[in-house]
> 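The structure's right below; bear with me while I get my questions together.
A, B, ... follow the sequence lines: proteins, then strands. Residue 1 opens every chain.
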Protein chains: 2
Amino acid sequence: MAEPTGAERDAGPESGLEPESGPARDAEAVSKFVESFAAQLVEAGMQRMPARVFAALLSSDSGTMTSVELGEQLRISPAAVSGAVRHLAQQHMVAREREPGSRRERYRVHSNQWYEALTSREAVIKRWEYALREGVDSLGGDTPAGRRLAETLAFFEFVDDEIARMMDRWRVHREERFGGG
Amino acid sequence: MAEPTGAERDAGPESGLEPESGPARDAEAVSKFVESFAAQLVEAGMQRMPARVFAALLSSDSGTMTSVELGEQLRISPAAVSGAVRHLAQQHMVAREREPGSRRERYRVHSNQWYEALTSREAVIKRWEYALREGVDSLGGDTPAGRRLAETLAFFEFVDDEIARMMDRWRVHREERFGGG
DNA sequence: CCTTAACTTCACAAGTTTGTGAAAGTAACG
DNA sequence: CGTTACTTTCACAAACTTGTGAAGTTAAGG
């Protein structure tokens, strides 16, 4: 083996599991948060493994974890990590980085990145708008149903625009309150 | 039988199915919109039957349909209608009304109501905030992870507030553009 | 108060999703 | 250029979901 034993990075003095060991980082507290936050994300419609991986990354000190670390924290197979990360990367909720001089990858939450991803359900809304426009056309804008669809469409157009402005304001607000990042 | 045959309200001259019959309301066009809009809602994470029922209601002229009408339009069993409506009612996306002097119920989309429901993922966001607050407390607000969680929390608090304002603006905008309703 | 229309609940079969172990692919390092 | 650490893909079993028919419940109308 080229490296010690791998995966000893966070483990340190964590052999016994006394409730109150509380060294640098209390693994139990972290795990409790990870699982409860992930559960809420799942309730809101996110898939389980992506939610758990995401929560784990969010509560790591560096904001990055390797595949092995994720597997240990969450007690899941490398295959499950791989699938979850692929999903999250597609949604732009995590970035993948190659650790230089190693064959490990690290996965990272860019805080910024994920706010944007969350609010920019853009693609989704655009498709709703498209379907609604088709509906207005085919049912006729002068029928009661057509008018209802047109109004719904107007609502989404409005929301679209407003959300973009809101995110501009957030960036300012955030800068003031938390500085760079 | 007390009433004609029930469910003859929309059917009218719709016996044959020539592509171009286009009388009062082209059943085929309606169905096409219903299914395509429902499909988009499903993509976005909504369950199938609720999505289809919702789309059907949205594209009805009166904004209301009975259980039988929904069953016929969507070709699903009364049980499926019942389940879907229960789901939608819980989310405040449809209202149930008893048709006076009959044992039928009618289900209605209040256009308003559903905008509110869609944006007021409130309950969801509140629970995220709660979980995040717990996380900040247990990991410590002075740790890097704690700071990340605190910032995420701040983001949701910001969004919460902004969405409320946005909906106020929408009500005004809507009033101007579409009048009462 | 009995009959019956309308809705709901329930148990289950069919279909879909999820996470795994094993095998295959990729790239760092000697 | 072979070896080995790491990641991804794949086929499948287990778990969960979904929609149905049938039985059960509620309440309108006689």
> Of B/V81 and A/P100, whose closest DNA chain C nucleotide lies nearer the 5' terminus?
B/V81

> Taking all non-hydrogen atoms of both residues into account, name the closest pair between B/A84 and B/P50 and its distance.
CB-N, 3.8 Å

> If you check every side-chain atom of A/A79, which of D/dT9, D/dG19, D/dT7 has the closest atom?
D/dT9

> For B/R106 and C/dA6, what is the distance between atoms CZ and P respectively, to the nearest whole Å?
12 Å

> Please check if atom CZ in A/R98 has more than 12 non-hydrogen atoms from other residues, nucleotides or ligands closer than 6.0 Å.
yes

> When the distance from OH of A/Y107 to C1' of D/dT8 is rounded to whole Å, what number comes out?
9 Å

> Would you say B/S77 places a side-chain N or O within less than 4.0 Å of OP1 or OP2 belonging to D/dG19?
no

> Closest to the B/R98 side chain: D/dA28, C/dA28, D/dG19?
D/dA28

> Would the base of D/dT4 count as contacting A/R103 through its side chain, where contact means a donor and an acceptor less than 3.5 Å apart?
yes

> To the side chain of B/I76, which of C/dG19, D/dT8, D/dT20 is closest?
D/dT20

> Of the options C/dG19, C/dC7, C/dG21, whose atoms approach the side-chain atoms of A/M49 most closely?
C/dG19

> Taking atom P of D/dT17 as reference, at what distance in whole Å does atom NE2 of B/H87 sit?
13 Å

> In this structure, how many angstroms lie between the P atom of C/dT20 and the CG atom of A/L74, rounded?
10 Å

> Once you measure the plane-to-plane angle for A/F158 and B/W170, does it fall in the parallel (<30°), tilted (30-60°) or perpendicular (>60°) bin?
tilted

> Does a nitrogen or oxygen in the side chain of A/R104 sit under 4.0 Å from OP1 or OP2 of D/dC6?
yes

> Let's see if you can work this out: which of C/dT18, C/dG19, C/dC7 has an atom nearest to the side-chain heavy atoms of A/Q47?
C/dT18

> Quick one: label B/R52 by what it contacts on the DNA or RNA (base, sugar-phosphate, nothing), any heavy atom closer than 4.0 Å.
nothing

> Flag the pair A/E157 and A/R133 as a salt bridge only when some basic side-chain nitrogen lies within less than 4.0 angstrom of an acidic carboxylate oxygen.
yes

> Using a 4.0 Å heavy-atom cut-off across all strands, classify A/G83 as base, sugar-phosphate, or nothing.
nothing

> B/M46 vs B/M93, test: side-chain contact (heavy atoms from CB on, under 4.5 Å). Steps then yes/no.
CA-CA 12 Å; B/M46 194 166 171; B/M93 289 184 58; 4.3 Å; yes

> Within this structure, what is the CD-to-C1' distance between A/E105 and D/dC6, rounded to whole angstrom?
9 Å

> Atom CD of A/E97 and atom C1' of D/dT7: how far apart are they, to the nearest Å?
17 Å

> Please give, in whole Å, the distance from C/dT20 P to A/L70 CG?
13 Å

> Over how many whole Å does the gap from A/M46 atom CE to C/dT18 atom P extend?
13 Å

> Taking only side-chain N and O atoms of A/R96, does any of them lie within less than 4.0 angstrom of OP1 or OP2 on D/dT8?
yes

